[in-house]
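A short write-up of the structure that comes next.
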Amino acid sequence: MAVEDLKAKIRDVPDFPEPGIVFKDIMPLLADPGSFEEATDLIAAWAAPRKPDVILGAEARGFILGATVAYKLGCGFVAARRPGKLPWKTVSASYALEYGENSLELHADAIANGQRVLVHDDVLATGGTAKAICDLAEQLGGEIVGIAFVIELDFLDGRKQLEGHDVQSLIRY
Ligand code: AMP
């Protein structure tokens with residue numbers, strides 16, 4: 001399956017969640033068995049040589065392929081969650097979004113000192129989310145070995161925020 005076939009499974013939703021934003025909806029890709037498997041395999045193939053110990057997925061859409069990639073590579077999975085969702089002690093970071101503001105938290109013991117961490121989310125937009133997650137993981141002693149997205153919105157220049165990291169996306173706009 002070619003990347004163009006995966007791209008055909010992304011649904012553009014204009015003016016969601018607010019006017020002027022074109023939301024890139026990965027649900028049709030996830031719902032199609034071949035595309036779901038292919039997206040998992042492509043991200044896993046990129047991640048494998050980086051030898052991650054854990055995949056760190058961003059709430060909520062980063063959990064889905066984050067988990068399948070972790071399973072495929074025999075890694076653990078760690079969740080970056082919205083404030084108040086994690087039951088144990090947390091570390092937290094706030095950042096600006098393409099639309100609005102957000103905060104994310106990690107369990108304070110989610111990443112062991114020196115662990116190799118591969119960060120995953122569905123979309124790289126301005127890069128604020130991924131940057132905040134990388135900073136949290138590093139604060140806990142993790143080493144970021146890569147950041148993998150399904151989609152990258154080139155015109156928002158999110159890579160700039162992630163300078164110094166190894167960044168990959170399957171589909172670019
Ligand atoms: P950012 O921090 O600006 O890179 O935004 C990335 C986060 O917001 C990801 O978790 C995405 O799921 C979500 N996001 C931002 N812009 C879009 C978009 N146009 N379509 C879908 N999701 C988006």
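First listed ligand is number 1; within each ligand, the first listed atom is number 1. Please read all numbers here as calculations on a predicted model, not as lab measurements.
Within the 4.0 Å heavy-atom criterion, both parts of T129, backbone and side chain, lie near ligand 1. Looking at L156 against ligand 1, nothing comes within 4.0 Å, counting heavy atoms. When non-hydrogen atoms are compared, ligand 1 lies under 4.0 Å from the side chain of D122 (C-beta onward) but not from its backbone.
A salt bridge is absent between D109 and K89; no separation between the charged side-chain nitrogens and carboxylate oxygens falls under 4.0 Å. Taking 4.0 Å as the cut-off between side-chain N and carboxylate O, E105 and R81 do not count as a salt-bridged pair. Ion pair D5/K9 not flagged as a salt bridge, since none of the NZ, NE, NH1 or NH2 atoms sits closer than 4.0 Å to an Asp/Glu carboxylate oxygen.
Taking only nitrogen or oxygen atoms, main chain and side chain alike, Y95 does not reach within less than 3.5 Å of ligand 1. Polar contact with ligand 1: absent for L124 (N/O pair, distance under 3.5 Å).
Which of D12, V123, V150, I21 comes nearest to atom 6 (C) of ligand 1 through a heavy atom is settled by distance: it is V123. Nearest to atom 22 (N) of ligand 1 by heavy atom, out of R61, Q161, E152, K131, is R61.
The number of heavy atoms from other shown groups lying within 6.0 Å of NZ (K7) is above 12. Other residues, nucleotides and ligands place no more than 12 heavy atoms under 6.0 Å from the CD atom of E37.
Close approach of ligand 1 to T126 (heavy-atom distance below 4.0 Å) involves ligand atoms 1 (P), 2 (O), 3 (O), 4 (O). Distances below 4.0 Å separate heavy atoms of G128 from the following atoms of ligand 1: 1 (P), 2 (O), 4 (O).
No heavy atom of G158 sits closer than 4.0 Å to any atom of ligand 1. Residue-ligand proximity: L153 is placed with a non-hydrogen atom under 4.0 Å from ligand 1.
A donor-acceptor pair under 3.5 Å links the side-chain atoms of D15 to the main chain of G20, judged by distance alone.
L56 pairs with exactly one of L118, L106, I147 by the side-chain contact (heavy atoms from CB on, under 4.5 Å) rule, that one being L106.
Because its NZ or CZ atom is both nearer than 6.0 Å to the ring centre of Y173 and within 45° of the ring axis, K24 counts as a cation-pi partner of that residue.
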